[in-house]
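As the structure is a prediction and not an experimental result, all values here were calculated from the model. Throughout, numbering of the chain's residues begins at 1 and tracks the sequence.
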Amino acid sequence: MPYKLFSYERRLGIRELESLGVTTLVDEVDSIVGIGDPVVAERLTYFGSVLGVDGEEPTEQAAVELGHLQTRAAPGRQATRYGLHGIHEYKGKFNPQIVRALCNVVDPEAETLIDPFCGSGTALVEGLRLGMDVVGIDQSPIASLIAKAKLGATTAKSAGALADDLLSLADRTAEAMAAAQAGTGDGHQVTDLGPEAEEYLRRWFTPPAYRGLIAALAILNREEKTPSGQLGRVALSSILRQVSLQLPEDLRIRRRPEPFTAPLMAPLFLESIERIRRGLLEIGSWQEITSSWTLRHGSAEELDAYAAARGGKRRLILTSPPYATALPYIDTDRLSVVALGLAGSGELNAVERSLIGSREWARPQQHEWDERRKENSDRLPPEVVALTTDIEERNEESGAGFRRQAVPSLLYRYFARMGTALDRWRAVLEEGESAVLIVGHNHTNAGGERVEIPTPLLLAEIAAERGFVVRETIKLETWPRYGLHAANGVPGEDAVVLER
């Protein structure tokens, strides 16, 4: 590719060649000389072109990235937001190139890609591009909303026609939004939110911004079952924190300092729509996608959630699970969850607690998991038990507060639930099929000291005890994170490769 690669990306690029049947003869700085079929240009991730006896052919990935960069005036960089990958700042997204490369390296013969923690659908879109049927599962309602919109749009019969429909819908929505925010629009919009949701949202938006929100919902919700309506709702979600009383740079739901005047919503909404529209036009130039997708709003621990992956096709699980003591996914997007009718305001805490890796629980849950940890009722490896015990002892010695005292059992619950998910994967996969977990190391503070949580290593230990073969762990460096939540980024991740 015509940009600087990480060392791991170059290594993966060479391994892609090997997996796709290319024998390397000469490894040069900016090219590889080898023997193989030039058709690999359709799958390669980190190469700009393939030069064969019939001439030079750009790789499909290079064409996709270049098509994105030409519309963004950002040459010389790796494009990670091509197509619809960048339509929403959903947390926990990972580099789409990693998905493509690992599919090629781990199992290029796989016909179905399963992502049990699919988030906003990054892996699923890349699986479709590689010609695989894809199955996504996620417990978060906002993740399911974004993924459904992206997958539906990516596989639309005409991305250009969808872009036109979206623009028409957006113009009508923006006009109503602007009039309502200015106080000149219809003050009696019907949204089906219900009194509880309306009261909740009034607390988190200034009156003009609330009027603009209600005006937008009155139009977009009537179109929520259409591809353009789904994308419009995603665009609205992406601007809500900017115009609300929720402090944007805080992952928790804390209020801005007063006074606050909400910016004009209609221009922000149209900017978000334009990003989506440009992505749709990019998709219109991609190779036709003929494979299928299935999305399940549910838990990776539920065996029924994998029903669509049953059958004779060869499967590959590739996912980026939440970290131990994960970020507050629902807190961060709770305004969108309530405004878009994905959950009631009174249900938010229960939804947050249901997510694997959540740091939230009710008192009965805490007592239950304290007992399970002390007895190791879930048969977790000694390394997990030792880590939680060490943190508990450090906190006791330092007189830690309630939240710190909860960390050992929260960690235990995370690894126990991930163990249940691994059991489900073993039931779904056939012998010889693989699973890849892309996850980073994280840490906690106990007794005034930093304690590392080697999540990839511990998940590998749990998988091994549940009958998987741990084939390898691939180190993945990442670019530095910028923006509102840069402090929550990690310097690197590992891809743990398991075989059934």
Side-chain angles (χ1 to χ4, degrees), residues 106 114 116-117 139 299-303 306 317-326 355-359 361 365-396 404-429 431-447 449-476 490 492-500:
V106 175
I114 308 167
F117 300 97
Q139 187 84 351
S299 172
E301 300 166 281
E302 300 168 359
L303 187 57
Y306 301 86
I317 291 176
L318 195 152
T319 191
S320 181
Y323 297 1
T325 63
L355 303 183
I356 291 180
S358 170
R359 291 181 284 189
W361 53 16
Q365 288 179 300
Q366 179 179 352
H367 294 319
E368 174 193 353
W369 285 100
D370 283 344
E371 293 303 314
R372 288 172 72 157
R373 177 176 61 84
K374 292 172 183 176
E375 300 292 332
N376 192 16
S377 304
D378 300 271
R379 310 183 319 281
L380 296 182
E383 293 86 348
V384 175
V385 176
L387 174 66
T388 59
T389 301
D390 177 46
I391 294 172
E392 179 183 39
E393 292 173 350
R394 289 171 183 259
N395 283 335
E396 287 178 349
R404 294 277 182 216
Q405 291 176 18
V407 168
S409 294
L410 285 172
L411 285 175
Y412 182 89
R413 179 178 68 170
Y414 166 78
F415 287 113
R417 295 187 66 184
M418 283 300 300
T420 301
L422 285 160
D423 287 336
R424 302 296 174 257
W425 301 355
R426 196 164 185 277
V428 170
L429 298 177
E431 185 174 350
E433 295 178 342
S434 299
V436 185
L437 293 84
I438 302 171
V439 66
H441 298 254
N442 54 330
H443 68 274
T444 187
N445 291 309
E449 297 182 3
R450 178 184 172 114
V451 178
E452 300 297 328
I453 304 172
T455 307
L457 174 63
L458 296 176
L459 289 177
E461 293 287 344
I462 294 169
E465 291 206 352
R466 279 162 164 75
F468 281 97
V469 175
V470 182
R471 282 172 47 185
E472 62 177 318
T473 298
I474 303 172
K475 299 291 182 184
L476 309 171
V490 294
E493 296 175 316
D494 292 347
V496 181
V497 182
L498 311 173
E499 184 176 319
R500 169 72 160 84

About how many Å separate CD1 of I453 and CG of L411, when rounded to the nearest 0.5 Å? 4.5 Å
Find out whether S358 and Y414 are in side-chain contact, i.e. whether some heavy atom of one side chain is under 4.5 Å from a heavy atom of the other. no
How close do G419 and I462 get, counting heavy atoms only, and between which atoms? CA-CG2, 3.8 Å
Ion pair R394/E449, N-O distance below 4.0 Å: yes
Any non-hydrogen side-chain atom of V496 less than 4.5 Å from a side-chain atom of I438? no
I'd like to check L498 versus I317 (side-chain heavy atoms, cut-off strictly below 4.5 Å). Are they in contact? no
Under 4.0 Å between a side-chain nitrogen and a carboxylate oxygen: does that hold for K475 and E493? no
Might you point out which heavy atoms bring D378 and A416 nearest each other, and give the distance in Å? CG-CB, 3.7 Å
As a quick check of understanding, evaluate side chain to side chain contact (heavy atoms under 4.5 Å, CB included) for N445 and V451, giving each step before the final call. CA-CA 6 Å; N445 291 309; V451 178; over 6 Å; no
Check for a donor-acceptor pair, side chain of D494 on one end and backbone N or O of T473 on the other, with a separation under 3.5 Å. no
Is the closest side-chain heavy-atom distance between L429 and E499 below 4.5 Å? no
Please determine whether a side-chain nitrogen of the Lys or Arg among E452 and R450 lies less than 4.0 Å from a carboxylate oxygen of the Asp or Glu. yes
Would you check, one step at a time, whether the test side chain to side chain contact (heavy atoms under 4.5 Å, CB included) holds for V497 with V470? CA-CA 6 Å; V497 182; V470 182; over 6 Å; no
Any chance the side chains of D370 and Y412 put a donor and an acceptor closer than 3.5 Å? no
Closest non-hydrogen atoms of L380 and V384, given as atom of the first, atom of the second and distance, are CD1-CG1, 3.8 Å
So, do L459 and L457 sit near enough that their side-chain heavy atoms are less than 4.5 Å apart? no
R372 and R413: CA distance, side-chain angles, deciding distance, side chain to side chain contact (heavy atoms under 4.5 Å, CB included) verdict: CA-CA 9 Å; R372 288 172 72 157; R413 179 178 68 170; over 6 Å; no
Looking only at non-hydrogen atoms, find the nearest pair between A300 and R424 and report the distance. O-CG, 3.9 Å
State, yes or no, whether a side-chain contact exists between W425 and T319 at a heavy-atom distance under 4.5 Å. yes
Using side-chain heavy atoms (C-beta onward) and a distance below 4.5 Å, is M418 in contact with L437? yes
Using a strict threshold of under 4.0 Å (side-chain N to carboxylate O), is an ion pair present between E301 and R417? yes
Close side-chain approach of T455 to H441, heavy-atom, < 4.5 Å: no
Considering all heavy atoms of both residues, which atom of P456 and which atom of G440 are nearest to each other, and what is their separation? CD-O, 3.8 Å
Smallest heavy-atom separation, P408 atom then I391 atom, equals CG-CG2, 3.9 Å
Does R500 use its side chain to pair, donor to acceptor, with the backbone of R426 at less than 3.5 Å? yes
Between Q139 and L355 (side chain of the first, backbone of the second, donor and acceptor by atom type, cut-off under 3.5 Å), is there such a pair? no
Is it true that a side-chain atom of S320 and a backbone atom of V439 form a donor plus acceptor pair closer than 3.5 Å? no
Would you give the length of the straight line joining atom OG of S409 to atom CD of E368, rounded to the nearest 0.5 angstrom? 10.5 Å
Rounded distance [0.5 Å steps], OG1 in T388 versus CG in L410: 11.5 Å
To the nearest 0.5 Å, how far apart are OG1 in T420 and CD in E302? 11.5 Å
